[in-house]
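Reviewing the structure listed below.
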Amino acid sequence: MSMMKKKMIYSVASVHSYMLKSGELNTKLISLYANNQCFLEAERLLPSPPDIFSFTTIIYAASKFNNSHYTLHLFSRMRSFNLLPDAQLLPCAIKACASLMCLRIALQIHGHITTSGSLAEAFVQSSLFHFYLKVGMLDNARKLFDEMPDKDVKSCSALAAGYAKKADKSNARQVFCKMRESGVEPNVVSWNGMIAGFNQSGQFLEAVLMFKDMHLSGLIADGIGISSVLPSIGHFVGLSMGAQVHGYVVKIGLLTDKCVHSAFIDMYGKCHCCKEMLTIFEDLDHVDVGACNALISGLSRSGLVNEALGTFEKFQSLAVELNVVSWTSMIACCSQHGKDMEALELFREMQKAGVKPNSVTIPCLLPACGNIAALSHGKAAHCYSIRQRFWNDVYVGSALVDMYANCGRIQKARHFFNMMSEPNLVCWNALLSGYAMHGMAKEATEIFHLMQIRGVKPDSVTFTSLLSACSQSGLVNEGRLYFDSMLQSHGIEPRMEQYACMVSLLGRAGKLEEAYSLITSMPLEPDACVWGALLSSCRVHHNMNLGEIAAYKLFELEPNNPGNYILLSNIYASRGKWKEVDNVRDIMKSRGLRKNPGCSWIEFKNKVHMLLAGDQSHPQMSLILEKLDDLRVEMKRSGFAPNTHFVLQDVEEQEKEHILCGHSEKLAVVFGMLNTKAGSSLNVIKNLRICGDCHNFMKFISISEGREIYVRDTNRFHHFKDGICSCGDYW
DNA sequence: ATAGGGTTAG
């Protein structure tokens, strides 16, 4: 307790004892205690039965000091004595509700106000109006607004800004224009409210237009307006306008405001102008957290992950007080750029540093858990969300659904989804993509129909998941119907992703010609994903003609992606066309792809091997064996690590796990092992989680029962049973 | 007795 307060109590106490002696206990004394924030003492002095005046005195004081919980407590206590508050007291309670976002009590008070007729009082009306604005119940606010006898600049601007914050362009504009028409000119605060509102609701163009209109109306922007419009410029309009505003700000001398600085750094970061961003940062007099955070996110946005990490560490060593935003940005940066382990580590350090993760931190962290199937970390984040009561946040919720699905726990994802009270489209999509990833088409279509029943409008992402689920399960007719319904029933123009899904759907089902004619007739210029889908299908069905067409398209579109060359050579190999295989290899070489053929060659070798293991009576058996030996020699000669598959056959059980962890081509190894007679090999990889150095496509494997195996690549889980993948692909 | 505007993380 401060000295001041101690002294105060001391003197208040002596007055108290004097008054007790003289028997003059009254509201003045209560007021004395309450206005010095000694509420318990004040409450103790309430007469019995308490009267309305004493309560009023304490409530005023509590409200004056923004003690919202206490204000509401007194209010309910007063009501428990059947004392009715007079109108003057109502705004205090409503203000407390607003600061606590307590809707329930506010609605009760509103009811009381309506029945008691105190709504006629302008100040009661006004406080309720602002309450509804604050909690975003615009319809209620609007009703009160329309009944207001005199609508001043403040209420008009507040309502218009409220609509802007809700992205309700037409209402925002309407209220704003009406205000001007009725002769009330908006001031800088009114304009700023509109700009900030539109910016926050993602109406970037609208925010910029408002800023321009303000300028045209002859008003000069202040720091708040500038820092509200800059993010929108960064998002939407781009550099030239940003630079214009920069000049304008320099001219009017506003480059002293902290937020303006951060906003400029952020704006240049969003436009990927790292040089300008750094210049502004270096010119700062004082290192401000906001500016640091904007810098980190700017570096991250341009993919400069190491620079961002370095900057972050530098700030730490400079003892800059890094806040939640700083840590969260850094975690987001890592999990977005493949540094998943680092993200988990940062989350730990953050808590060690005493910075409390919030509801934004969790959805930044969870993708990192999902990427490397770090289920225990994901679960810990889930528990934390429950303790902090933000598991019902839609961002947290969808990230949790995603994480569980990525970790192979699709039932858990569904279970969690069912518990959410108001899942939004992103949550539904997360669940749907989880089912798609697990190849559970039946569940995916059920979810899609449930969405319709619940009135959730699907978007492009929804259809990508739905179609990819159909594609994996071979539901050709259903997939076609869904694809056609996109435009016809839902008004969504199919995009590249959906075309790629359809090509894959038709292709996997063996309808390669149909897939090809879809490609040639599509209204968009097919990209690498579309051709890639065709090439993969051609590999599955050993279709050389279309495979060549697709592959050569891909060699143009992504000449440096070794995967395409490998796919084509696999098709040739499956047909025993060894000369063509060598040709492809030569093209690779000529394009400088020799650097890392190891992985590719092992993959190729394994596929040949799979073919061999799967079909002992292959007509070209001897040729294949011969080729295999050649490759083995070639591998050794090029100095690559010992061929995992062969090594595994020769080593002791306990060494196998070690070898698996150190190699990138585990997947093929796993497959190979399933095809070998040795059942014992399965024990070695049981529950083995591979993370860290492994190849992008092979993040982890999990094994359920017996000879069934689940393998996840970047997009989906593959279910292998007795060496056969449910999706029909080879691995 | 109440009341309008800001940056950075998803």
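Chain letters run A, B, ... following the sequence lines, proteins first and then strands; every chain starts at 1.
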Query raised in the report: Just wondering, do Phe312(A) and Cys292(A) contact through their side chains at under 4.5 Å, heavy atoms?
Result: no
Report summary line: The contact string for nucleotides 1-6 of chain B, one letter per nucleotide 5' to 3', using protein heavy atoms under 4.0 Å with B, S and - for base, sugar-phosphate only and none, comes out as BBBBBB
Query raised in the report: Could you give the CZ-to-C1' distance, from Phe315(A) to dT8(B), as a whole number of Å?
Result: 12 Å
Query - Side chain proximity check, Tyr70(A) to Ile58(A), heavy atoms < 4.5 angstrom - result: yes
Requested in this report: Walk me through it: do Ile105(A) and Phe75(A) pass the test side chain to side chain contact (heavy atoms under 4.5 Å, CB included)?
Outcome: CA-CA 10 Å; Ile105(A) 298 179; Phe75(A) 227 76; over 6 Å; no
Report task. Mind checking Asp288(A) for me? I need base, sugar-phosphate or nothing, with any heavy atom below 4.0 Å counting as a touch. Result -> nothing
Query raised in the report: Does one side chain, of Ser99(A) or Ser68(A), offer a donor that lies under 3.5 Å from an acceptor on the other?
Result: yes
Requested in this report: Report the distance from atom NE2 of His235(A) to atom C1' of dT7(B), rounded to the nearest whole Å.
Outcome: 13 Å
**Report entry** Atom pair distance, as rounded to whole Å: CG in Leu366(A) and C1' in dA9(B)
**Finding:** 14 Å
Query raised in the report: Rounded to whole angstrom units, what separation is found between the CG atom of Leu299(A) and the C1' atom of dT8(B)?
Result: 13 Å
Requested in this report: For Ser329(A), answer base if it contacts any base atom (sugar-phosphate contacts may also be present), sugar-phosphate if it contacts only those atoms, and nothing otherwise; contact means non-hydrogen atoms under 4.0 Å.
Outcome: sugar-phosphate
Query raised in the report: What integer distance in Å separates Met330(A):CE from dT8(B):C1'?
Result: 14 Å
Report task. Might you confirm whether atom CD of Glu321(A) has over 12 heavy atoms from other residues, nucleotides or ligands at distances under 6.0 Å? Result -> no
Report task. Round to the nearest Å and state the distance from Leu230(A) atom CG to dT8(B) atom C1'. Result -> 12 Å
Query - Ile195(A) CD1 to dT7(B) C1', straight-line distance once rounded to whole Å - result: 14 Å
Query - Plane angle bin for Trp191(A) and Phe176(A) - parallel if under 30°, tilted between 30 and 60°, otherwise perpendicular - result: perpendicular
